[in-house]
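Structure record follows, encoded as C-alpha cells.
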Amino acid sequence: MKNLILLFVSFVFSLSIYAKNESQPISVEVTGKGKPIILIPGFTVPGNIWNPLVKKLEKNYECHIVTLAGFGGKEPIEFPWLPKVNESLKNYILKNDLQNTTIIGHSLGGTIATWLASQNDLKLSKIILIDALPASGALMIPDFNPENLAYESAYNNQQLAMDDVTFEQTATTMSKGMSLKESAQEKIKNWILESDRKTYVYGYTDYLKLDLRENLKNISIPVTIIAASQPYGEEMVKQTYKNQYANLKDYNFIIAEDSAHFIMLDKPEWFMKQVQTILSSK
C-alpha cells in the first residue's frame, strides 16, 4: 500500500513538472548544420513561416526556429508576456553558447532581435530585421508614453469580449493590410484566429509598450533592415525608418518594392535571395 501511495505521488509530481515545462515563453526547433541562425517570427505567427527559407539555409547553417508562447498552438504563459519572451531567448543563446549567431526577425521578431543585439553580454554576428521597428507604439499612438498603456483598458476588454464571428471579421480586415496575396491573407487571418486570445490582446499591449530607440545606441554589429513599400509608399517608409532608427550608428536599408508587411510571403524568391546575400557578406 505504501509503495502504491509513493508511486501515485511520484506520478502526480511528474505530471506537475510536465505541465510546468509545457508552458514556456519560447519553443525552438533546430535543424541543419553550420553557423547558427535564430529565426523569430512576428506577432501571432508560428515558426513554420520560415520553412521555405530554412530549406535553403539548412545545408550550411544550423537553424533555430522559434515559436512564441500563445501562438502556433503553443501554450500561453503568465503575463507580462514579452519581457519573459525576451529573457527566455537571451537565456537560450547563453545556455547553448550560440556565439556569433545571426538573428533574423520579422515584425515583432525583428524588434526582439534588436533588443537582443543591444545586450552587452551577447556576442551576436549580425541581425536582419524584416519590416520591424524599435518602437511601434510611438508610431501608432499620439503623445506616446509606455506608462499609459495597461492591460486593463476599454479597447482590450472589447477585444477579449468579442464573439468568434466578430473576431474573425476583425482578423480578416487586418490580414488584408498585411499582404498583397489572397492566399497569404488567409494564412495570416488563420494565425490570428488560432492564437490564444489573451496573449493576442495583452501581448500586443506588451509590444506597444516596448521602446528600444535608446537601446539602439548599444548596437555595434551589422544590421540590415528590409522594409515593405506598401501600403504607405517608399518615401514615407524611408522617413519612418530614418526617424525610428536615428540612434543606430549604421545599417543597411533595403526596400521591398510591391510588397506589404509579410515580405517573405509577398516576394518569396526575392526575399530568399536577399537573405542569402546578406548572410554571405562580411
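Computed from heavy atoms alone, side chains included, the values below leave out hydrogens, waters and symmetry copies.
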Honestly curious: do Y207 and M140 fall in one hydrophobic cluster under the side-chain, below-4.5 Å linking rule?
-> yes
Should Y232 and L180 be counted in the same cluster of Ile, Leu, Val, Met, Phe, Trp and Tyr side chains packed under 4.5 Å apart?
-> no
Validation: residues 34-60 side-chain donor-acceptor distances under 3.5 Å, sequence neighbours left out:
residue	atom	partner	partner atom	Å
E58	OE1	T31	OG1	3.0

Which atoms form the tightest heavy-atom contact between [X] and [Y], and what is the distance?
X: L149; Y: K209; result: O-NZ, 3.1 Å
X: Q119; Y: K90; result: OE1-NZ, 3.3 Å
X: N247; Y: E214; result: ND2-OE2, 3.7 Å
X: K74; Y: L68; result: CB-O, 4.0 Å
X: H261; Y: A228; result: N-CB, 4.0 Å

Taking the six-membered ring where the residue is Trp, are the ring centres of W81 and F71 under 6.0 Å apart?
-> yes
Could you tell me if the ring centre of Y155 sits under 6.0 Å from that of Y204?
-> no
Pair T102-S125, side-chain contact (heavy atoms from CB on, under 4.5 Å): steps then yes or no = CA-CA 5 Å; T102 294; S125 174; 3.9 Å; yes
Applying ring-ring contact (aromatic ring centres under 6.0 Å, His included) to F271 and not counting sequence neighbours gives none
So, do [X] and [Y] sit near enough that their side-chain heavy atoms are less than 4.5 Å apart?
X: P268; Y: K181; result: yes
X: L89; Y: V85; result: yes
X: L279; Y: V275; result: yes
X: K242; Y: F253; result: no

Nearest-0.5 Å distance, [atom1] of residue [X] to [atom2] of residue [Y]:
X: I278; Y: K126; atom1: CD1; atom2: NZ; result: 8.0 Å
X: K123; Y: N100; atom1: NZ; atom2: CG; result: 9.5 Å
X: Y200; Y: M162; atom1: OH; atom2: CE; result: 8.0 Å
X: Y241; Y: I225; atom1: OH; atom2: CD1; result: 7.0 Å
X: L116; Y: L212; atom1: CG; atom2: CG; result: 10.0 Å
X: L82; Y: S88; atom1: CG; atom2: OG; result: 11.5 Å

Are T114 and L216 close enough, and set up right, to give a side-chain contact (heavy atoms from CB on, under 4.5 Å), and what steps lead you there?
-> CA-CA 8 Å; T114 303; L216 294 172; 3.6 Å; yes
Could you walk me through whether W270 and I226 pass side-chain contact (heavy atoms from CB on, under 4.5 Å), step by step?
-> CA-CA 11 Å; W270 178 90; I226 305 176; 3.9 Å; yes
So does [X] have more than 12 non-hydrogen atoms from other groups sitting under 6.0 Å from [atom1]?
X: K84; atom1: NZ; value: yes
X: D121; atom1: CG; value: yes
X: K187; atom1: NZ; value: no

Looking just at side-chain N and O atoms, do E152 and Y202 make a donor-acceptor pair shorter than 3.5 Å?
-> yes
Between the side chains of N91 and E87, does any donor sit under 3.5 Å from an acceptor?
-> no
Go through the steps to decide whether F144 and D211 satisfy the test side-chain contact (heavy atoms from CB on, under 4.5 Å), and finish with yes or no.
-> CA-CA 10 Å; F144 174 68; D211 186 350; 3.7 Å; yes
Charged N to carboxylate O under 4.0 angstrom, K267 versus E257?
-> no
Aromatic ring pairing F262/W191, orientation class (parallel under 30°, perpendicular over 60°, tilted between) | tilted
